[in-house]
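Order of listing sets the numbers, starting from 1, for every ligand and every atom in it. Bear in mind the structure is a predicted one, so any value in this text is a computation, not a measurement. The first residue in the sequence is number 1, and the count goes up from there.
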Amino acid sequence: MIKVTRTSMPPFEEFCEQIRPLWDSHILTNMGQLHERFEAELRQWLGCPGLTLFSHGHLALEAVLRILGLPAGSRIITTPFTFVSTVHAIARLGFEPVFCDVLPSDGTLDPSRLEELAGGRCSAVLPVHVYGNVCDVEAIEAFAVEYGLRVVYDAAHAFGVRYKGVPVVCRGDASILSFHATKVFSTIEGGAVCWSDPAMRQALDDEKNFGIRDENTCAAAGGNAKLNEFQAAMGLCNLRHIDAALQARAQLAGLYRSLLGDSVSYFHLRDGATSNHSYMPVLMRDRRQRDSVCDALVAAGVKARKYFWPLACDAAPYRSLPADVPVARNLSERVLTLPLYPELPEAEVERICSIVIGVL
Ligand SMILES: Cc1ncc(COP(=O)(O)O)c(C=O)c1O
């Protein structure tokens, strides 16, 4: 079965070499040497001087929302066209998710819909660079300044993406990354918060390690979200191969587009944005056509995914909330995400495209 993605792993011997010192030190977590090295190398590769590692992207997101000092129970505007983690982070902290529709061109939050949603006790906006597509960051941030809202980006899909020459994770009050095994860059499980305000560093460190600052000091009621040494070792190894992996993705995405041509439609990149080709989403005419293509692929041993369908606002915990999101609904019924990962053979891309075209 060809799946929608396959985790990139370094050569076995390289990983063994990387973890060998752990058998001497017996230090497997609590910000050990590999953690510190990985954090430094990642900051450099991403071009983001403010970065704090976490054990999971989701916990990174919850940590940021917790430390911003948002009023308890206030409303946070987000998109329904995302993985449910985004909305769960809001709800699990006792905030109220407010669903904003998205742009048809790229599936990111539509800033022109913010005004009608920003009333009441609204405290923040949580847009998602979905599929790595850069949001309309200028419009969102201008709106946030006008209304006194904080902006946290869910950049789980946007590893390495740049906008107008700057890493997109440097935008807003903070951005989170996910290094889950399904992502472009993986530490098996893992994530990070990218921040620009140095005051966030201590607050995030407290969040991820019980608020413990030294042997005698517990300064805050933090949780546990530390990235361990094995995750850091995987990160250090994968970082050596990430440039080649991104190049291979770009090449395969180009092949898909040249073979599929106008038979499907695509999301459009914002001017000035780069792509990490983290996913290969294509849009069909309607839900029936999308489902037929998906079924034909499954029958041929290809597990494409209907990312992001159903919408997050239709998940059981949120069904009773208002969600006037016709564009997101339309996209989620038409989208199909095709397999894309660096080791995917070109012959498989050709086979997948001929199946898709055969159904259309
Ligand atoms: C958009 C989005 N946000 C948040 C997450 C959560 O990240 P993690 O799985 O690393 O906790 C993911 C991925 O799983 C995601 O796709």
Fill in: Heavy-atom nearest neighbour in the protein, as seen from atom 11 (O) of ligand 1, with distance rounded to 0.1 Å
His58 N, 2.8 Å
Worksheet entry | Ring centers of Phe83, Phe308 separated by less than 6.0 Å | no
Response to the item:
Looking only at protein heavy atoms, what sits closest to atom 3 (N) of ligand 1 is Asp154 OD2, 2.7 Å
Worksheet item: What's the verdict on side-chain hydrogen bond (donor to acceptor under 3.5 Å, both in side chains) for His35 and Gln231, showing C-alpha distance, side-chain angles and the deciding distance?
Response: CA-CA 8 Å; His35 178 286; Gln231 291 172 284; over 6 Å; no
Practice prompt. Output yes when Arg319 and Asp314 qualify as a salt bridge under the 4.0 Å nitrogen-oxygen rule, no when they do not.
Written response: no
Worksheet item: Should you measure from each heavy atom of Gly190, which atoms of ligand 1 turn up under 4.0 Å away?
Response: 10 (O)
Worksheet, complete the sentence: Among non-hydrogen protein atoms, atom 16 (O) of ligand 1 lies closest to His157 NE2, 2.8 Å
Fill in: Protein residue, atom and distance nearest to atom 12 (C) of ligand 1, heavy-atom basis
Phe83 CD2, 3.6 Å
Practice prompt. Decide, yes or no, whether a salt bridge links Arg329 with Asp101 under the criterion of side-chain N to carboxylate O below 4.0 Å.
Written response: no
Worksheet entry | Best match, His88, Lys183, Glu189: closest heavy atom to atom 13 (C) of ligand 1 | Lys183
Discussion item. With heavy-atom distances below 4.0 Å as the criterion, list the atoms of ligand 1 near Thr82.
Written reply: 1 (C)
Practice prompt. Measure from NZ or CZ of Arg257 to the centre of the six-membered ring of Tyr266 and say whether it is under 6.0 Å with the direction within 45° of the ring axis.
Written response: yes
Practice prompt. Salt-bridge test for Glu333 and Arg290: reply yes if a basic N is under 4.0 Å from a carboxylate O, no otherwise.
Written response: no
Practice prompt. Measure the distance from atom 4 (C) of ligand 1 to every protein heavy atom, then report the residue, atom name and distance (to 0.1 Å) of the closest one.
Written response: Ser85 OG, 3.1 Å
Worksheet item: Out of Ala89, Ala156, Ser178, Ala60, who gets a non-hydrogen atom closest to atom 10 (O) of ligand 1?
Response: Ser178
Worksheet item: Is Leu59 in polar range of ligand 1, meaning some N or O pair under 3.5 Å apart?
Response: no
Response to the item:
The side chain to side chain donor-acceptor pair (under 3.5 Å) partner of Tyr153 among Glu141, Arg171, His129 is Glu141
